[in-house]
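What follows is one structure encoded as structure tokens, with my remarks underneath.
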Amino acid sequence: MRISELAREAGTTPRALRYYEEQGLLRPARLASGYRHYDPQAVGTVRHIQLLLSAGLNTSAIAEILPCIPDGVTVLAPTCPELLDALAVERARITTSIDRLAAARDVLDRLIQAGPAAGDQS
DNA sequence: ATTCTTACA
DNA sequence: TGTAAGGA
């Protein structure tokens, strides 16, 4: 598929996809026309990239992790042992981030006069 | 119509 | 990241 189709299916923009490529996150093939060509598995890859980016990982960290994620798998099973250390660091940072968000939510809860900070998924 | 690269009021 | 320019 070409860039616009991948963008649509993965919920992003061609601009972002070119940026990911520039950062070494994607290696699309090139058509004779010069247009980028992505295989269907790229949809899953892009979703992983977005998930990781939203979690605060930088592109270089994602570039290391990505090749450790098997095709089309939703749940990550095997990880590259050499990266466990770096992954633990990212995990800790995410935990810190979650705590920060929870603190912000508490402030809002008190402002909204809402009670339990635990039962609000609706 | 689409995509490509480069660049920035 | 958006967007414009200038080509293919």
Side-chain angles (χ1 to χ4, degrees):
Chain A
M1 63 181 80
R2 292 184 318 191
I3 198 165
S4 65
E5 185 184 351
L6 174 59
R8 276 188 289 96
E9 293 192 33
T12 186
T13 63
R15 174 69 159 100
L17 295 180
R18 296 193 185 97
Y19 175 68
Y20 296 161
E21 178 181 353
E22 190 178 277
Q23 297 302 299
L25 273 32
L26 296 174
R27 331 249 351 155
R30 291 285 182 157
L31 268 20
S33 60
Y35 290 7
R36 273 165 267 249
H37 177 251
Y38 303 85
D39 40 39
Q41 69 158 57
V43 176
T45 302
V46 172
R47 288 181 175 152
H48 279 140
I49 292 173
Q50 298 181 310
L51 179 71
L52 266 16
L53 283 176
S54 70
L57 279 70
N58 56 49
T59 55
S60 65
I62 297 175
E64 292 184 39
I65 297 173
L66 229 43
C68 297
I69 301 177
D71 288 13
V73 179
T74 301
V75 288
L76 298 53
T79 61
C80 301
E82 326 82 69
L83 298 178
L84 291 180
D85 178 66
L87 295 182
V89 172
E90 297 295 347
R91 208 205 99 95
R93 193 180 43 59
I94 289 174
T95 297
T96 295
S97 186
I98 288 174
D99 291 344
R100 180 161 36 69
L101 290 172
R105 183 181 56 184
D106 285 350
V107 171
L108 297 188
D109 279 345
R110 285 147 60 188
L111 254 32
I112 297 171
Q113 83 202 186
D120 63 333
Q121 283 304 302
S122 60

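Numbered from 1 within each chain, the chains take letters A, B, ... in sequence-line order. Quick caveat: nothing in here was measured; it's all calculated off a predicted structure.
For A/Leu17 and C/dG2, the CG to P distance is 11 Å, given to the nearest whole Å. One interatomic measurement links the two molecules: CD1 of A/Ile49 to C1' of C/dT1, which rounds to 16 Å at whole-angstrom precision. Atom CZ in A/Arg18 sits about 12 Å away from atom C1' in B/dT6, given to the nearest Å. Taking atom OH of residue A/Tyr19 and atom C1' of nucleotide B/dT6, one finds them 17 Å apart after rounding to whole Å. Per the geometry, CG belonging to A/Leu25 stands 16 Å off C1' belonging to C/dT1, to the nearest Å. If you measure from atom CD1 of A/Ile3 to atom P of C/dA8, you get 20 Å, rounded to the nearest angstrom.
A heavy atom lying under 4.0 Å from DNA chain C marks the following residues of residues 5-15 of chain A, by number: A/Thr13, A/Arg15.
Taking a pair to require two hydrogen-bonding distances under 3.5 Å in either a Watson-Crick or a G-U wobble arrangement, B/dA7 pairs with C/dT3. C/dA8 is paired with B/dT2 under the criterion used here, namely a Watson-Crick or G-U wobble arrangement in which both key atom distances are under 3.5 Å.
The A/Ser4 side chain lies nearest to B/dT2 when the options are B/dC4, C/dT1, B/dT2.
Atom OH in A/Tyr20 sits 8.0 Å away from atom CD1 in A/Ile62 (nearest 0.5 Å). With rounding to the nearest 0.5 Å, the separation of CD in A/Glu90 from CG in A/Asn58 is 6.5 Å. The structure places CG of A/Leu6 at 5.0 Å from CG of A/Leu17, a figure rounded to the nearest 0.5 Å. A distance of 12.5 Å separates CZ of A/Arg36 from CZ of A/Arg2, quoted to the nearest 0.5 Å.
When the C1' atom is compared between C/dG7 and B/dA1, the two are found 15 Å apart, to the nearest whole Å. The same atom, P, is picked in C/dG6 and in B/dT2; the two are 22 Å apart, to the nearest Å.
Counting only N and O atoms by type, the side chains of A/Arg93 and A/Thr96 include no donor and acceptor under 3.5 Å apart.
Counting heavy atoms of neighbouring residues, nucleotides and ligands inside a 6.0 Å radius, atom CZ of A/Arg30 exceeds 12 of them.
Remark on DNA chain C: of its neighbouring residues A/Tyr35 and A/Ala16, the 5'-side contact belongs to A/Ala16, judged by nearest-heavy-atom nucleotide. When each of A/Arg36 and A/Arg2 is assigned the nucleotide of DNA chain B with its nearest heavy atom, A/Arg2 is the one assigned upstream, toward the 5' end.
By the rule that hydrophobic residues join a cluster once side-chain heavy atoms approach within less than 4.5 Å of another member, A/Ile98 and A/Leu87 end up as members of one cluster.
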